[in-house]
Amino acid sequence: MTEVNGAEHYEVLIIGGGMVGSAIACALGQQKIRVAVFDRLQPEVFDKSQLPDLRVSALSYASEQFLRNLNAWQHIEQMRTCPYRRMAVWEKLHLPGGKELDKRPNQTLFDACEIDHEQLGFIVENRVTQLGLIKSLQQLETVGLYCPATIESMSFSEQNSSITLSDGRTFTGNLVIGADGANSQVRQQAGIRLDYRDYEQQCMVATVEIEGGVQDITWQAFTETGPESFLPLPDIDGKSYASVVWYNLPENISRLMKLSDQEFIDELTRTFPIELPGIVKLHERGFFPLARRHALEYHKNGAVLAGDSAHTINPLAGQGVNLGFQDAACLAEILIEAHKAGESLGDSEVLGRYEKARRQGNQLMMSTMDAFYHAFSNDIKPLKMVRNLALGLAGATKPAVKEVMKYAMGISGDLPSLARKK
Ligand SMILES: Cc1cc2nc3c(=O)[nH]c(=O)nc-3n(C[C@H](O)[C@H](O)[C@H](O)COP(=O)(O)OP(=O)(O)OC[C@H]3O[C@@H](n4cnc5c(N)ncnc54)[C@H](O)[C@@H]3O)c2cc1C
């Protein structure tokens, strides 16, 4: 940090020190670029005896490699993660009387051993990932972390942007990165408009203590009101936990939220697939309205967006932060190259390279999730037949299953080099 006319000057100002913002700061700081990160909240310190947080994410192989390259994975592993080796997907089918069909000709099982990997990915609490990244960036001399910090005002220009905090301190930078989530203040201040659509379904997440030990499978059963999903969590003090995700229409979610703990457990057990382990206790539940957002521009006038500030997608395939990490890796690589070449980091030509590299891939993933959402959120008979045939065929076709697995894990496809195994 240097001081210019009473303002503290960094090359890059990052608003939002969540998973994506902290990752960009680590990548730039490793190359000695001077970065300041601002977050309005300070994450709670980790303690091994804490019960699992409500917010968890399935991190892909590519995200794991990225976090390893940022020296954050070692800290994350020391806290806690839960590897999952298998993933099952099917659509619930019912007999005319309403009873669920026992046989599942339409089930697809993904197993990491089929592609010679130990696991398909890891379920990690968002706070644990964020804290691992913060530990790593705190070891970098050129990175300053300011949290909690409230931003009072921002002004952007391609050469020199500035932000002022509520305590009166002013910071200047050549570039402002908005990694401040779905309701990004940077996006709004920069005047970047959104393509926005609410999904009809909402998503309820519950952390539960389960019987039977830690699981190595995640599963998702599609129903016409939305998927029912199970994510394993690590054991804590000899007890096992899981995150269950229940997508449904807003009126049903609001009814579920009002049930007593025992009523909720009873309804969960009655409704969810037979695979659901016995529930010992409900620890926490919450719900999330779901919306698809895509920024019409990723950069404007010396401000650039990454992660949820640029796009939010339906979480049904758990790809949100995995895409955000690819944004982070790609943006960092482009900025590092530009820095070496002596280009100004806020230059629209530099930032245009990032948008060109990322927009299409993000759009494709969003559209694929939308296609899934629309294909499964109805009871139209011919469509139901086609999708079950497709699931059944996919399940029976090993090469297709392997390709889907590799793509979802980020093993195949065009990845930034920071997200590849070193
Ligand atoms: C129910 C659910 C399940 C999901 N499951 C998965 C999954 O399994 N896998 C997956 O990849 N993704 C998943 N996602 C998506 C994932 O949670 C998001 O993509 C991810 O959190 C985005 O990270 P981010 O850092 O871009 O934004 P955020 O996590 O929103 O972080 C933004 C940060 O900016 C800070 N901030 C906000 N405004 C300001 C401001 N004005 N000033 C300063 N700081 C500010 C916040 O405090 C926060 O720390 C899921 C989402 C939901 C809703």
Side-chain angles (χ1 to χ4, degrees), residues 13-25 36-44 53-60 62-64 66 82 84 87 120-127 129-131 133-134 145-154 163 165-166 176-189 199 201-207 218 220 226-227 229 231 233 243-247 253 285-293 295 305-328 331 362 365-366 369 408-410:
L13 306 176
I14 302 180
I15 316 301
M19 296 186 278
V20 171
S22 302
I24 300 172
V37 186
F38 304 88
D39 203 294
R40 62 178 172 201
L41 301 174
Q42 179 142 33
E44 193 189 344
D53 288 350
L54 192 63
R55 296 299 309 268
V56 304
S57 294
L59 300 182
S60 68
S63 294
E64 178 203 335
F66 181 43
C82 184
Y84 62 97
M87 179 170 79
L120 294 172
F122 291 85
I123 311 294
V124 189
E125 291 151 82
N126 292 359
R127 179 174 58 108
T129 303
Q130 182 191 16
L131 286 171
L133 284 158
I134 288 178
L145 177 63
Y146 301 85
C147 73
T150 304
I151 293 165
E152 199 70 32
S153 64
M154 310 182 196
I163 65 159
L165 303 186
S166 59
V176 173
I177 298 178
D180 48 349
N183 299 312
S184 168
Q185 192 182 353
V186 174
R187 190 182 66 224
Q188 286 159 28
Q189 292 283 313
Y199 290 107
Q201 291 166 6
Q202 294 186 341
C203 164
M204 181 175 180
V205 181
T207 309
T218 154
Q220 178 146 289
S229 314
L231 306 174
L233 295 174
S243 176
V244 289
V245 191
W246 198 339
Y247 296 78
I253 297 285
R285 63 187 137 157
F287 76 100
F288 303 87
L290 301 179
R292 172 199 159 119
R293 301 175 181 83
L305 307 176
D308 271 21
S309 69
H311 45 74
T312 60
I313 67 172
N314 193 314
L316 66 84
Q319 285 299 326
V321 78
N322 292 309
L323 284 186
F325 280 144
Q326 287 191 34
D327 289 353
L331 179 59
N362 288 336
M365 186 59 85
M366 295 171 99
M369 289 311 110
M409 289 166 73

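When a ligand or atom number is given, it counts from 1 through the structure's own listing order.
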Q) Do you see a donor-acceptor pair shorter than 3.5 Å between the side chains of Asp308 and Asn183? A) no
Q) For the atom pair CE (Met19) and CG (Asn322), what is the distance rounded to the nearest 0.5 Å? A) 9.0 Å
**Q.** Distance in Å, Arg127 CZ paired with Leu41 CG, rounded so as to fall on 0.5 Å steps
**A.** 12.5 Å
Q.
Given a heavy-atom cut-off of 4.0 Å, could you list the residues near ligand 1 in chain and number order?
A. Ile15, Gly16, Gly18, Met19, Val20, Phe38, Asp39, Arg40, Leu41, Arg55, Val56, Ser57, Ala58, Asn126, Ile151, Ala179, Asp180, Gly181, Gln185, Cys203, Val205, Phe288, Gly307, Asp308, Pro315, Gly318, Gln319, Gly320, Val321, Asn322
Q) Are Val205 and Phe287 side-chain neighbours, meaning at least one heavy-atom pair lies under 4.5 Å? A) no
Q: With the side chain counted from C-beta on, respond yes when Ile15 and Ile177 share a heavy-atom pair under 4.5 Å apart, and no when they do not.
A: no
Q.
Once rounded to the nearest 0.5 Å, what's the spacing between atom CZ of Arg187 and atom CG of Asp180?
A. 8.0 Å
